[in-house]
Amino acid sequence: MSTEHHYDVIVVGLGAMGSAALYQLSKQGARVLGLDRFSPPHTHGSSHGDTRLTRLATGEGRHYVPYALRSHEIWRELEEASSERLLTVTGGLFFSGEVQGSPVHGAADFIGETVAAAQAFGIEHEVLDPVEMERRFPQFRYSGVECGYYEPDAGFVCPERCIEVQLRLAEAQGALVRTNQTVLEVEPIDGGDARVKTADGNFTATRVILSTGAWMSQFLEPAFRDKFEVYRQCLFWVDVEGEIESFHPDRFPVYIRTDRTRDDVLYGFPSNDGPDGGIKIASEYYGSTCDPDAGTSPVTAEEVEEMMQLTTRFLRIGTRCIRAAACLFTVTPDGEFVIDFHPDHPQLIVASPCSGHGFKHSAAIGELLASMALGGTSELDRAKFALSRF
Ligand SMILES: Cc1cc2nc3c(=O)[nH]c(=O)nc-3n(C[C@H](O)[C@H](O)[C@H](O)COP(=O)(O)OP(=O)(O)OC[C@H]3O[C@@H](n4cnc5c(N)ncnc54)[C@H](O)[C@@H]3O)c2cc1C
C-alpha cells in the first residue's frame, strides 16, 4: 500500500503566484498542499523589496488589462479578510523621455500602447505635456519633449504582505503549507496523476502547479529551459535630502520613465517608509543572465554609484543611497507570461508571470490557476501565454 499522501492539487513554489493559487484553491474547498524551498515571503526570488507598481492600462498589451482589473478587486477582498493594507492608490505617471515610442517589457511603444489600452477599456486617464507634468510633479527634471500618461487608479502593492496574507488565509481555509522543503522532482504518473518528490518524502496529486519563479527551468525539459532567462535586478532606496512630504503618496505618484532602450527605464515609488526611509527607485538590467541560486548577491558600490548618477539626472533628490537589494527577473523570448498546461503532461500546470511586471496580475492569476486545476472556467484570456508557443 502506498504511504504517499494524495492531494487534489499541489502547488510547488509559494511566492507571488503560488500563494495566490493556494489561497484561491483552498477558498474553493480543494484538498491542497503548498511547498516552498524557503519560507515565503523571503528575499531569494522575485517578490521582495516592499513595493510593486500596479497600473490598469498595461502598455505591455491589452490582454493584460483584465488581469490587472480583477487583481485590484481581489486585493481589496483580501484587505477586508485580513485587515491588512495591500494596495495603495497613488496615481501613476508614465512618460517617455527624449525618445518617443520606447520599449518596456517586450512592448515596442510602451506609452503609446498604454494610452491605447486605457481608451479601449475606458480606464480613466489624462495625456499630459511637459508643461503640465512640471506643474503637477515638479519633483522630476524634464527636458521639454516628454509625453506623459497619468492614471489616477495606479499605485503600488506590498508583495511580502500579499504573500503572507494569502498563505495565512489559505491555511485558515484548510491548505497545508510546508516551507523549507525543496521539491527535487515532479514526475508525471501514467494514468494522470503526478508525484512530487522532496527529501522528506513524496506526495501525489491530481494536478501540480509549478510556480517556482526563477527556478522554473529546473522543472522543464531541455527544449523549454532556455525560454526562461533570469536577470539579476537592483532596487535602491535614496535619501531625498529635502522635505520628504513632497514625495508622500498624496503628492508623488508611482512612475515609469522610458527612453531609448529597454535598459534605459527608470521607475519608482513615493515614500513608504517613514521620514528617514527615502524613496525607492530602480531601472532594468538585461546585460547578462544569472543562475537563480547566485542571483541575489549583494548590490555593489559601483551599482549604487551608477544608479545615483542616473537618478539625479531625472529627479530632484539627493545622492545618498540608504539601502539596496537584489531581486530576480525571469524573461521569456517574447516577453509574455507562461500560464498553461504542460503540452505532454496535462496534470502539470506551468505558471511563470515573467518579464518584470507580473506581481500586479498575481491575484487574478491565482484565481485563474485554481480554475484550471479544478476544471472550472475563467473569463481571463491566456491564449498568448501558451508554453507550446516555444
Ligand atoms: C526588481 C523587480 C521589480 C519588479 N517590479 C514589479 C512591479 O513594479 N510591478 C509588477 O507587477 N511586477 C514587478 N516585478 C515582477 C514580479 O515581482 C514577478 O513577476 C513576481 O514576483 C514573480 O512571482 P513568482 O511567483 O513567479 O516568483 P517568486 O515569488 O520568486 O516565487 C517562486 C517561489 O518558488 C520557490 N521555489 C523555487 N524552486 C523551488 C523548489 N525546487 N522547491 C520548492 N520551492 C521552490 C521559491 O522559493 C519561491 O518562493 C518585479 C520583479 C523584480 C525582480
Side-chain angles (χ1 to χ4, degrees), residues 4-48 50-52 54 67 69-88 156-183 194 196 198 200-201 203-213 339 349 351 353 358-378 380:
E4 295 171 338
H5 287 284
H6 184 82
Y7 294 87
D8 296 330
V9 186
I10 296 177
V11 181
V12 181
L14 300 176
M17 299 308 127
S19 61
L22 202 75
Y23 165 69
Q24 296 290 345
L25 286 160
S26 57
K27 192 175 165 193
Q28 294 191 39
R31 189 171 142 71
V32 279
L33 168 67
L35 297 165
D36 200 285
R37 60 186 287 171
F38 299 112
S39 184
H42 58 74
T43 57
H44 308 288
S46 305
S47 300
H48 57 281
D50 304 349
T51 47
R52 287 290 184 273
T54 180
Y67 287 83
L69 289 166
R70 179 64 189 135
S71 291
H72 276 219
E73 290 173 358
I74 298 173
W75 302 129
R76 292 304 187 210
E77 284 169 27
L78 288 165
E79 287 181 334
E80 184 105 332
S82 65
S83 303
E84 298 272 8
R85 184 64 175 264
L86 304 180
L87 166 65
T88 302
F156 62 84
V157 282
C158 301
E160 291 93 339
R161 215 177 290 156
C162 291
I163 291 171
E164 188 274 316
V165 161
Q166 288 175 108
L167 291 180
R168 176 154 45 94
L169 294 176
E171 284 190 283
Q173 289 166 171
L176 189 62
V177 173
R178 289 199 178 193
T179 54
N180 302 308
Q181 290 257 326
T182 300
V183 170
V196 174
T198 75
D200 289 353
F203 311 93
T204 60
T206 309
R207 292 256 196 260
V208 172
I209 296 174
L210 290 170
S211 45
T212 49
I339 304 174
I349 297 171
F359 203 96
K360 71 179 69 57
H361 306 298
S362 58
I365 292 172
E367 194 175 51
L368 170 64
L369 291 170
S371 80
M372 290 168 70
L374 300 177
T377 54
S378 169
L380 295 172

Colleague: Is the shortest side-chain N to carboxylate O distance from R76 to E79 below 4.0 Å?
Modeller: yes

Colleague: Say you draw a straight line from CG of L87 to CD1 of I74; how long is it, rounded to the nearest 0.5 Å?
Modeller: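 It comes to 12.0 Å.
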
Colleague: For R37, check side chain to side chain donor-acceptor pair (under 3.5 Å) against everything at least two apart and list the hits.
Modeller: D293

Colleague: Quick check: do F156 and T88 have side-chain heavy atoms less than 4.5 Å from each other?
Modeller: yes

Colleague: Not counting sequence neighbours, which residues clear side chain to side chain donor-acceptor pair (under 3.5 Å) with T54? List them please.
Modeller: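 Partners of T54 under the side chain to side chain donor-acceptor pair (under 3.5 Å) test: H72.
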
Colleague: Check whether any side-chain heavy atom of T198 sits under 4.5 Å from a side-chain heavy atom of R178, and report yes or no.
Modeller: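 A side-chain contact is absent here, since even the closest heavy-atom pair is not under 4.5 Å.
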
Colleague: Quick test of your reading: applying salt bridge (charged side-chain N to carboxylate O under 4.0 Å, His left out), list the pairs with at least one residue in residues 156-165, sequence neighbours left out, ordered by first then second residue.
Modeller: E164-R168

Colleague: Could you tell me which residues satisfy side chain to side chain donor-acceptor pair (under 3.5 Å) with D8, sequence neighbours excluded, listed by chain and number?
Modeller: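 For D8, no residue satisfies side chain to side chain donor-acceptor pair (under 3.5 Å) once neighbours in sequence are set aside.
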
Colleague: Compile the donor-acceptor pairs under 3.5 Å between side chains in residues 20-28 and protein atoms, sequence neighbours left out, one pair per line.
Modeller:
{"unit_1": "S26", "atom_1": "OG", "unit_2": "L22", "atom_2": "O", "d": "2.9"}
{"unit_1": "S26", "atom_1": "OG", "unit_2": "Y23", "atom_2": "O", "d": "3.0"}
{"unit_1": "S26", "atom_1": "OG", "unit_2": "Q173", "atom_2": "NE2", "d": "2.8"}

Colleague: In chain order, what residues pass the side chain to side chain contact (heavy atoms under 4.5 Å, CB included) check against S371, with sequence neighbours excluded?
Modeller: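 For S371, the residues satisfying side chain to side chain contact (heavy atoms under 4.5 Å, CB included) (neighbours in sequence not counted) are L368, S378.
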
Colleague: Under a 4.5 Å cut-off applied to non-hydrogen side-chain atoms, are P353 and I339 in contact?
Modeller: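 Counting from C-beta outward, P353 and I339 never come under 4.5 Å.
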
Colleague: Give the minimum heavy-atom separation between A373 and V9, together with the two atoms involved.
Modeller: CB-CG2, 3.9 Å

Colleague: Quick one: closest heavy-atom pair of P40 and L14, and the distance?
Modeller: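 Shortest heavy-atom contact: CB-O, 3.4 Å.
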
Colleague: Answer whether the closest heavy-atom distance between the side chains of C162 and L78 falls below 4.5 Å.
Modeller: no

Colleague: Which pairs, with at least one residue in residues 9-23 and sequence neighbours excluded, count as a salt bridge (charged side-chain N to carboxylate O under 4.0 Å, His left out)?
Modeller: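 Residue pairs passing salt bridge (charged side-chain N to carboxylate O under 4.0 Å, His left out), neighbours aside: none found.
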
Colleague: Once you round to the nearest 0.5 Å, how far does CG of L176 lie from CG of L33?
Modeller: 5.5 Å

Colleague: Got H6 and T206 here, is their nearest side-chain heavy-atom distance under 4.5 Å?
Modeller: yes

Colleague: Give the minimum heavy-atom separation between N180 and S39, together with the two atoms involved.
Modeller: OD1-N, 3.8 Å

Colleague: Roughly how far, to the nearest 0.5 Å, is CG of L86 from OG of S71?
Modeller: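 Reported to 0.5 Å precision, the distance equals 12.0 Å.
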
Colleague: Can you tell me how far CZ of F38 sits from OG1 of T179, rounded to the nearest 0.5 angstrom?
Modeller: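 Those atoms lie 11.5 Å apart.
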
Colleague: If you look at every heavy atom in S47 and R52, which pair is closest and at what distance?
Modeller: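 Distance-wise, the nearest heavy atoms are CA-NH2, 3.7 Å.
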
Colleague: I'd like to check the side chain to side chain donor-acceptor pair (under 3.5 Å) partners of H42; sequence neighbours left out, ordered by chain and number.
Modeller: none

Colleague: Considering residues at least two apart in sequence or located in another chain, which fulfil the ring-ring contact (aromatic ring centres under 6.0 Å, His included) criterion with Y67?
Modeller: F385

Colleague: Using every non-hydrogen atom in the two residues, find where G18 and S211 come nearest and quote the distance to one decimal.
Modeller: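 Taking G18 first and S211 second, the nearest heavy atoms are CA-OG, 3.4 Å.
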
Colleague: Would you please test E80 and E77 for side-chain contact (heavy atoms from CB on, under 4.5 Å) and show each step?
Modeller: CA-CA 5 Å; E80 184 105 332; E77 284 169 27; 5.6 Å; no

Colleague: Please examine the side chains of C158 and W75, heavy atoms only from C-beta on, and report whether any two atoms are closer than 4.5 Å.
Modeller: no

Colleague: So how far is it from I10 CD1 to T204 OG1, rounded to the nearest 0.5 Å?
Modeller: 6.5 Å

Colleague: Taking side chain to side chain contact (heavy atoms under 4.5 Å, CB included) as the test, write out the residues that go with S19, two or more places apart.
Modeller: I163, Q166, L167

